[in-house]
Amino acid sequence: MTRLSAYLLPTEKQAPADAEAVSHKLMVRAGLIRQLGAGLWTYLPAGWRVHRKVEQIIREELDAIGAQELLMPVLNPADPWRRSGRIEIDEIFKLEDRKGTEMVLAMTHEEIVTTHVAQVVRSYRDLPQILYQIQVKERDEPRPRAGVLRTREFIMKDSYSFDRDEAGLEESYAKHIAAYDRIFERTGLEWYRVESDVGMMGGSGAHEYMAPCAAGEDEVALAPGYAANVEVASADPQAVELPAPLPEPEEVHTPGLTTVEDVARRLGVPQGAVLKAYPVIAEGRGLVLVMVRGDHRVNEVKLRNALGAQCRPATPDEFAQKIGPAGFIGPVGANAPVVLDDAVADGGYVTGANRPDFHLRGVEPGRDFPFERADVRAVEPGDTVGGEPVRIEKAIEVGNIFKLGTRYSSAIGAHYLDESGRQQLIVMGCYGIGPARIVAAAVEQYADEAGIAWPRALAPFDVELVVISRGESEERTFADGLYEQLKATGLDVLYDDRDAGPGEKFADAELLGAPLRVTVGRRTLAGGELEVQIRRGRERRTLPLDGAAEAVKALWETLP
RNA sequence: CGGGGCGUGGCGCAGCCUGGCAGCGCGCCUGCUUUGGGAGCAGGAGGUCCCGGGUUCGAAUCCCGGCGCCCCGACCA
């Protein structure tokens, strides 16, 4: 029974003043969600329908790879979190029960699921297993933002694989890739599977599923056959015209010129012929001088991975003694190991001279300073991969898959006995999907000036039936009948039977974004034709009244 | 955590500087008219002006303290 006259769908003409992202504005305006507090959102009935459609797609595809759904508590004893060490994470909500026992609100469930598996799995015969849940997660986010894109409480599909060995993990991982590819394909989103950083948790591999959209928090580097988070992206640099090295470095006076741009302009060389110095303090290693082309930027995630250690920019005090004065530092004579970016080709470079107001020109890496090579720069638009230019797009992470290895099984103590009776650690993977982000990304990707234009798979309703008539009338009677017939075809129909004018009904229908709108008015009965609007593109068509419900269903099935 | 902004009816806002009746548009309710792109007329309801303290004859407005929310950056296991 979905008659709009009796359905809670509070639409607004004006977006809340504090909304910035398109999905935030439209989801509130369309009556899908309401805010309770920072990063806390209620799904109203129509919004929850969309969320459940996403969940259902996820369930079907995970069940298809043999994953088993379960449900674990959000409220956790602190102990497993202490064992894994993750109790230290600032984002975890912590609380005490009335007896003073420390508890946490789970932000994900590696510790808990591993605890259960450790108790239950004894033998290699009990493996592999894939378990998943669709459950609330709690994170004390430093900055919730953009409606449901980054919230403190959210629903997540999290699955966990348990295998005997690395080869088993590879299989479970491959199954998840297959399931995820199908899930995202079915949602109707534009999406990419990209290589991603494994982070400080170690792990042997990770991918993210990214949906391009303006409100996205990440950036992805894309080229035909290539997709990677810019945090790990690698590409061939654009060429730069380099002067030849001089027989030996030559000092040039560059008073007050501390930026690559200024130095390059003064010396009449391209910015790429200057070497930019980026001193860092690497954990366990001390001061390291990172050198990249002047027209490039250091990518801190790639640098961290290259150094195999956390690092942070060094302060002028920290490098003044061993290298030189801020603004004029360079690798020649520096008392620190030099990491030279892969994009630095052979040639003569301008570098800081390690004394105030001077640079060196004609510097040749290797001859004039020792270095180790690494790929530590951020990919730029126009770089190439396999000869194809790279473009960079904003995107929101809608899913991730991660080879955990034994990080949690060793912390929690999850073992099994192998064929020869030896105790082995279970090898794990974890795999997340954020249904709310899928919803928001779909809004972002397909919205137009009139509102939301859902992909067929996610729309809260398949068809919105609008009757233009107030009170009892021939049109109303006809529309009532058509509503029943449409429902009988299996379509989810929202029937706008409100006592409202046509403009208001059309505007609300387009705001809510069902893929099809069917209009019944005086014209319909007079002309003998039913008017249908395809929401995406707002194209109008007519269908014969005879067999209209089946024709609507058939048209709906052709939509994206 | 650093920077910026905002809290006044359901939504959007004005009023604050320079203290003196709490206002506007939309929405909502009633009646009549209207009925294919957010209608017209008439009448009406709805407010702890974020909270607490202070100054003052008098505070939405000035002062002090707190809370909440948004945006940019940092962070995001």
Side-chain angles (χ1 to χ4, degrees), chain A residues 8 10-21 24-25 28-29 31 34-41 81 84-92 106-111 137 139-147 149-152 154 158 196-203 206 208 215 217-218 229 231 300-301 304 310 312-313 396-397 400 402 404-405 407-408 411 430 432 434 437 449-451 466-476 479 496 498-511 517-527 529-531 533 538 540 542:
Chain A
L8 187 69
T11 57
E12 298 288 346
K13 276 191 197 176
Q14 283 165 308
D18 52 22
E20 199 69 26
H24 181 182
K25 290 180 186 168
V28 173
R29 282 191 53 211
R34 281 286 160 114
Q35 184 168 26
L36 182 63
L40 300 172
W41 290 88
W81 293 85
S84 70
R86 292 211 295 179
I87 191 91
E88 302 299 334
I89 296 174
D90 290 335
E91 285 171 31
I92 294 184
M107 56 188 294
T108 155
H109 280 80
E110 280 83 2
E111 286 85 351
K137 300 285 183 270
R139 294 189 188 178
D140 193 358
E141 288 286 348
R143 182 149 103 80
R145 57 177 293 272
L149 277 183
R150 184 163 212 94
T151 55
R152 293 195 293 175
F154 58 99
D158 45 326
S196 73
D197 181 39
V198 295
M200 288 312 284
M201 302 305 292
E208 289 164 338
E217 302 181 315
D218 290 289
N229 191 314
E231 289 180 346
E300 302 213 9
V301 175
R304 186 186 72 201
Q310 280 288 18
R312 60 169 174 83
I396 186 72
E397 180 185 351
N400 61 62
F402 196 95
L404 280 174
R407 161 84 173 78
Y408 291 94
C430 68
R437 285 184 169 185
E449 54 298 332
V466 171
V467 61
I468 298 171
S469 152
R470 284 175 166 160
E472 293 297 314
S473 69
E474 223 181 314
E475 299 92 83
R476 174 78 52 161
D496 191 348
R498 292 176 301 173
D499 185 22
E504 191 178 348
K505 291 188 174 191
F506 291 149
D508 272 353
E510 283 160 15
L511 178 59
R517 186 185 79 203
V518 173
T519 307
V520 171
R522 196 176 284 163
R523 265 191 221 163
T524 313
L525 300 183
E529 283 185 322
L530 197 61
E531 184 191 303
Q533 185 210 50
R538 293 205 267 177
R540 290 182 188 204
T542 53

* Asked: How do A:L525 and A:A19 order along RNA chain B: which one's closest nucleotide is nearer the 5' end?
  ->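 Its nearest nucleotide lies further toward 5', so the answer is A:L525.
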* First of A:G37 and A:E141 reached from the 5' end of RNA chain B, by closest nucleotide ->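 Looking at the nearest nucleotide for each, A:G37 comes out on the 5' side.
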Can you tell me the base-pairing partner of [N]? Count Watson-Crick or G-U wobble geometry only, both distances below 3.5 Å, and say none if there is no partner.
N: B:C16; value: none
N: B:A39; value: B:U33
N: B:C69; value: B:G5
N: B:G47; value: none
N: B:A60; value: none
N: B:G25; value: B:C11

Once hydrogens and angles are ignored, does a donor-acceptor distance under 3.5 Å link the base of [N] to the side chain of [X]?
X: A:Q14; N: B:G10; answer: no
X: A:T524; N: B:G36; answer: yes
X: A:E510; N: B:G38; answer: no

* Under 4.0 Å: is that the gap between some side-chain N or O of A:R143 and OP1 or OP2 of B:C71? ->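 Yes, within the criterion.
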Does [X] reach a base, just sugar-phosphate, or nothing at all? Heavy atoms under 4.0 Å.
X: A:E110; result: nothing
X: A:A526; result: nothing
X: A:G501; result: nothing
X: A:R34; result: nothing
X: A:P16; result: sugar-phosphate

Between [options], which nucleotide has the shortest distance from any of its atoms to the side chain of [X]?
X: A:A17; options: B:C26, B:G37, B:C13; value: B:C13
X: A:R540; options: B:G36, B:G37, B:C71; value: B:G37
X: A:D508; options: B:G38, B:C70, B:G37; value: B:G38
X: A:A507; options: B:A77, B:G36, B:G37; value: B:G37
X: A:I89; options: B:G10, B:C71, B:A77; value: B:A77
X: A:R517; options: B:C69, B:G37, B:C72; value: B:G37

* Asked: With a 4.5 Å heavy-atom cut-off, do A:E397 and A:S196 have their side chains touching?
  ->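 They are not in contact (no side-chain heavy atoms under 4.5 Å apart), so the answer is no.
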* Asked: So does A:R522 have more than 12 non-hydrogen atoms from other groups sitting under 6.0 Å from CZ?
  -> no
* **Euclidean distance, A:E474 CD relative to A:T524 OG1, rounded to 0.5 Å** => 11.0 Å
* Any donor-acceptor pair under 3.5 Å from A:R437 side chain to A:L149 backbone ->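 Between the backbone of A:L149 and the side chain of A:R437 there is a qualifying donor-acceptor contact (under 3.5 Å).
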* Sub-3.5 Å donor-acceptor pair from the side chain of A:R517 to the main-chain atoms of A:R538, do we have one? -> no
